[in-house]
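Notes to accompany the following structure.
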Amino acid sequence: MSEDAIETMRVKQALFLVGGKGTRLGSLTTATPKPLLEIAPNVTFLDVLIEQFSRHGFSDIILLAGHMAEQFQSRYHLRQRGGATITVVCEPEPAGTGGALHAARNHLDEWFVMANGDSYFDINLRSLTKPAAAGTVGRLALRQEKNAARFGTVEVQGQRVTAFREKQAGLEGGRLINAGVYLLNRGVVDAVSQVCSLERDVFPGLARAGQLEGRVFDGYFLDMGLPDTYQLAKRDMPGRRQRPVAFFDRDGVLNADHGYTHRVADLKWINGAREAILLLNEAGYLVIVVTNQGGIGLGLYGLAAMQAFHERMQNDLAAIGAHIDAFYHCPHHPDATTANYRHADHPDRKPNPGMILRALEEWPVRHAGSFLVGDRDSDVTAATRAGIPGYLFDGVDVFQTVSRILQDQKR
Ligand SMILES: [Mg+2]
């Protein structure tokens, strides 16, 4: 096993609270639950949240529904979105945020993320879910709020949350507030009764016991629960979904190229590759791998081996709070042993641009700023044919290469 690889547990489950009545939105929510209001034609607010979590590698998404639960059932139950499978769990009756968690207690992984279905916080979710210190049972995503009077506030010392306070009238100036996205350990459910609020009844005690961490993020935040803020969601979110893509060739750029590399034990990260991906995650890029995998067509290894290799890459990245949004691979080869994979010049096989063109179509991409890094001319040619700039990795340090590209873009 490569000494560069780090074994880690990656959090894969996310729960969304979607049971609220949405009464503050008036007639808009008479026939439609709040998270199912559209921000663009046939794109609901909840669709955008699910997209955010699924591209961060959450493969098990649970919707905790109550009010008008059947609408969530018909749109999402047992459906696939990206790499995620969605399950709808119904609360028998409204029982607060803790009660909703209680209703889902038989579905929970050891660690999971819980979030409100009516607010969007554009953050690196893998930074929130990095492994926690011993004794920690939860970590809250926090944000600075200029006018904190409307919110409960949170106090921290370093990473530790020391106090969780109710709304205070007359509180002036900026404060840290709870943004409603939590990493939680299943053990927290033990402290939860059938009807309760996590924020009022559970978190203050955990904070006093020193079991709660907080991490401050400065991403775009929107609670769409008011008529004005729903209008803001419709105005801002379609544009905010669009992101530039950093495409990477895999072998020779992210991991050492041993020739048809496919064994997990052969995963050796190239200098600065993980850090480059983290930099791009934090800067709001999609990170997409486009890799020729002719070894599959040649019968040297199977799809499952490649997937295990990618899974290990994601686990190693999660340990530093990073992730790859998607992998595209081309199994075709001119000399493939099976007819399905035998093509003299398959449109996906680089230097052809098929994989890049497909990714540009399947993701909400902003072309401006998108680029590719590869270690062969065929990578750069594929990028050029797809209409985006391609850069050759000089073999020294991927973080330096990517930093230079991002700096050049700012000029
Ligand atoms: Mg390569």
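One-based numbering along the sequence shown. When a ligand or atom number is given, it counts from 1 through the structure's own listing order. Everything numeric here is computed off the predicted structure, so don't read it as measured data. Heavy-atom basis, side chains included; hydrogens, waters and symmetry copies ignored.
The N, O or S atom of Asp375 with the smallest distance to the Mg ion (ligand 1) is OD1. When the N, O or S atoms of Asp251 are ranked by distance to the Mg ion (ligand 1), O comes first.
If you check the side chains of Arg349 and Ser378, you find no donor sitting under 3.5 Å from an acceptor. A side-chain donor-acceptor contact under 3.5 Å links Gln80 and Thr85.
Residues meeting the side-chain contact (heavy atoms from CB on, under 4.5 Å) test with Ala100, sequence neighbours left out: Leu17, Leu64, Glu91.
No cation-pi contact links Arg263 to Phe309, judged by a cut-off of 6.0 Å to the six-membered ring centre and 45° from its axis.
At a cut-off of 2.8 Å, Asp249 coordinates the Mg ion (ligand 1) through an N, O or S atom.
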